[in-house]
Amino acid sequence: MNTTDFKNLVTRYLAGKTTVEEEEQLLKYYDHLQERNILWDIEKMGNEDEVKNRLYDNALNEISRRENLNKRGTVRSIFSNWKVAAAIVTIVSAGLFFYMKPPGLPVAKVEEKTKPVQNDVPPGGNKAILTLADGSEIILDNAQDGTLTTQGNIAVSKSKDGQLIYKVGNNRPSTGTTEPVFNTIKTPVGGQYQVILSDNTKVWLNASSSIRFPATFTGNYRSVEIEGEAYFEVAADKKRPFKVLSDGQVIEVLGTHFNVNAYRDENKVKTTLLEGSVKISSGAVSNIIKPGQQAQLVRGKESFHVINIDPEEAVAWKNGLFMFDDEDIHSILRKISRWYGVEVIYQDPDINEKFGGTVSRFENVSQVLKILEVTGTIHFKIDPGDASGKGRRIIVMK
């Protein structure tokens, strides 16, 4: 398909004159343009933003129309065209697509034109504060790239892509027996950051999280403490196990990849394993989990519940996504609250719908809320707060 054919196909699609096969061709070609980074030809293909917005809104309306028909029992099979419309939503909006569970519930009608949203809230970014052993603080989002400080044989530097690096001088590990010097990195709401520890272990911190660690590891263990959520890629060292202390539990590994969700406003501490092996202990109880498993520790109880999950869901935040699978709206909005730095207010305390799907974390909050609203069962209002953004709120309505 050339660009002229693509424009003609878009026009016919928006007029409702395409077949299912043509809709699939349209979808595949648009996907091809995105993957290949092919420049948009305005003369042959029209205004890109207009085409994208019209495709997006038309696709959402198609989902709405067909799900309402299905609810009334007037359509036996909507799956094929529904999938095409949903896939167009996914591509045009950079991964913004939600479905509602259970299916068949009423769906909101989407306006024909995409309009700028008043009081919109931008996404979070690379923000954190480094607190050194002497109590001094470095605001990493304001600090210049390059070496920030030195601590004994360790040079601490910041890269331009939101990464803090602890590097041992002359590439030799420290063998000193002196007391370790501890640092802390803390991300605010709307912040994230990555740190490479002195043993080359990589740690990603989610919003409103922190990690306390020694500038250089000494002794028989490598030990750190976290609050909130962190993803670890632990450097292998058979002689020195790596320990992560979080709320009520201890994780011990030799070298592996795992995610820990230990936010204090969640009722469970969740540890998800992607590679290797992990031993988790709480008091006198311990458990070993395998890749693809998640250990859930209920707060106040020394017992684990192990389930099989898709690990990509647990680490989606690290990859720039919100990913949910039949997750209740309260849990979803806690994640949105941390990332966008907003308070969430429920007008109706009985709101308890569940959703599934994937959303880019780098869209404005209005885009995320708009997709949730497509279900027609829930609506949102954004309160901007004061001029500095303080007091920003999302009000949840039925």
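It should be emphasised that the depicted structure is a prediction, and the values quoted were computed from it without experimental measurement. All values below were derived from every heavy atom in this structure, side-chain atoms included, with hydrogens, water molecules and symmetry-related copies excluded.
- Centroid-to-centroid, the aromatic rings of F213 and Y166 come within less than 6.0 Å.
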Taking only distance into account, with no hydrogens and no angle test, what donor-acceptor pairs under 3.5 Å do side-chain atoms of residues 335-342 form with protein atoms, sequence neighbours excluded?
| unit_1 | atom_1 | unit_2 | atom_2 | d |
| --- | --- | --- | --- | --- |
| K335 | NZ | E327 | OE1 | 3.4 |
| K335 | NZ | E327 | OE2 | 3.1 |
| S337 | OG | V342 | O | 2.5 |
| R338 | NH2 | D265 | OD1 | 2.8 |
| R338 | NH2 | D265 | OD2 | 3.4 |
| R338 | NH2 | E266 | OE2 | 2.9 |
| W339 | NE1 | R361 | O | 2.6 |
| Y340 | OH | E363 | O | 2.6 |

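- Each of Q249, Q296, Q294 was scored for a side-chain hydrogen bond (donor to acceptor under 3.5 Å, both in side chains) with T271, with one residue passing: Q249.
- Interatomic distance, N261 CG to N206 CG, rounded to the nearest 0.5 Å: 8.0 Å.
- A 4.5 Å side-chain heavy-atom check between I345 and E343 finds at least one atom pair inside the cut-off.
- When each of T272, L273, D325 is checked for a side-chain contact (heavy atoms from CB on, under 4.5 Å) with I309, only T272 meets the rule.
- Shown are T147, T150, I165, L130; of these, the side-chain contact (heavy atoms from CB on, under 4.5 Å) with V156 is made only by L130.
- Taking the side chain as every heavy atom from C-beta outward, I329 and N352 never approach each other to under 4.5 Å.
- To the nearest 0.5 Å, atom CD1 of residue I129 and atom OG of residue S210 are 11.5 Å apart.
- Looking only at side-chain heavy atoms (C-beta outward), V396 and L333 come within less than 4.5 Å of each other.
- The shortest distance between side-chain heavy atoms of I226 and V260 falls below 4.5 Å.
- With hydrogens and angles disregarded, a donor-acceptor distance shorter than 3.5 Å links the side chain of D120 to the backbone of S366.
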(request) Show your working on side-chain contact (heavy atoms from CB on, under 4.5 Å) between L132 and V181 and close with a plain yes or no. (result) CA-CA 8 Å; L132 302 175; V181 174; over 6 Å; no
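- Remark: K381 NZ is loosely packed, at most 12 non-hydrogen atoms of other residues, nucleotides or ligands lying under 6.0 Å away.
- Proximity of L205 to V195: side-chain heavy atoms (C-beta onward) are nowhere separated by under 4.5 Å.
- Using a 4.5 Å heavy-atom cutoff, the side chains of V203 and Y193 are not in contact.
- To the nearest 0.5 Å, atoms CG (N319) and OG (S360) are separated by 11.5 Å.
- Using a 4.5 Å heavy-atom threshold, the side chains of F242 and T201 count as touching.
- Side chain of D348 to backbone of D350: a donor-acceptor contact under 3.5 angstrom is found.
- Checked by atom type and distance alone, the side chain of S208 never pairs as donor or acceptor with a backbone atom of V189 at under 3.5 Å.
- Sorted by first and then second residue, the salt bridge (Lys or Arg N to Asp or Glu O under 4.0 Å) pairs with a member in residues 126-148 read D145-K158; sequence neighbours excluded.
- The structure places CD of Q194 at 9.0 Å from CG of N126, a figure rounded to the nearest 0.5 Å.
- Here the shortest heavy-atom pairing between P311 and L274 reads CB-CG, 3.8 Å.
- Here the closest heavy-atom approach between residue A314 and residue N259 is recorded as O-ND2, 3.6 Å.
- Checked against a 6.0 Å centroid threshold, the rings of F258 and F232 count as neighbours.
- Residues R222 and V234 meet the side-chain proximity criterion, which asks for heavy atoms closer than 4.5 Å.
- Not one N or O on the side chain of S157 forms a donor-acceptor pair closer than 3.5 Å with the backbone of G146.
- Following chains of ILVMFWY side-chain contacts shorter than 4.5 Å, one cannot reach V253 starting from V315, and the two form parts of different hydrophobic clusters.
- When all heavy atoms are compared, the tightest approach of S198 to V168 is O-CG2, 3.7 Å.
- Looking at every heavy atom in both residues, S281 comes nearest to K279 through OG-CE, 4.0 Å.
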(message) For a side-chain contact (heavy atoms from CB on, under 4.5 Å) check, start with the C-alpha distance between I351 and I378, then their side-chain angles and the critical distance, and finish with the verdict.
(response) CA-CA 8 Å; I351 293 175; I378 196 167; 3.8 Å; yes
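- Note on F362: it clusters hydrophobically with I394, by side-chain heavy-atom contacts below 4.5 Å among ILVMFWY residues.
- Hydrophobic clustering (ILVMFWY, side-chain heavy atoms < 4.5 Å, transitive): V368 and F380 are in one cluster.
- Checking side-chain atoms of D328 against main-chain N and O of S331 turns up a donor-acceptor pair under 3.5 Å.
- Across all non-hydrogen atoms, the minimal contact from E353 to K398 is OE2-CE, 4.1 Å.
- To the nearest 0.5 Å, atom CD of residue Q347 and atom CE of residue M397 are 6.0 Å apart.
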(message) R334 vs Y263, test: side-chain contact (heavy atoms from CB on, under 4.5 Å). Steps then yes/no.
(response) CA-CA 10 Å; R334 282 196 296 272; Y263 285 111; over 6 Å; no
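- Remark: N200 CG to E233 CD distance equals 12.0 Å, nearest 0.5 Å.
- In terms of heavy-atom proximity, A295 sits nearest to I280 at CB-CD1, 3.4 Å.
- Between the side chains of E229 and W317, at least one donor N or O lies within less than 3.5 Å of an accepting N or O.
- Look at D383 and R392 and you find no salt bridge, because none of the NZ, NE, NH1 or NH2 atoms lies under 4.0 Å from a carboxylate O.
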(request) Go through the steps to decide whether V250 and V244 satisfy the test side-chain contact (heavy atoms from CB on, under 4.5 Å), and finish with yes or no. (result) CA-CA 6 Å; V250 178; V244 178; over 6 Å; no
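- Taking hydrophobic clusters as Ile, Leu, Val, Met, Phe, Trp and Tyr residues chained together by side-chain heavy-atom distances below 4.5 Å, Y231 does not share a cluster with I289.
- Residues V278 and V306 share a hydrophobic cluster, clusters being chains of Ile/Leu/Val/Met/Phe/Trp/Tyr side chains in contact below 4.5 Å.
- The number of heavy atoms from other shown groups lying within 6.0 Å of NZ (K318) is above 12.
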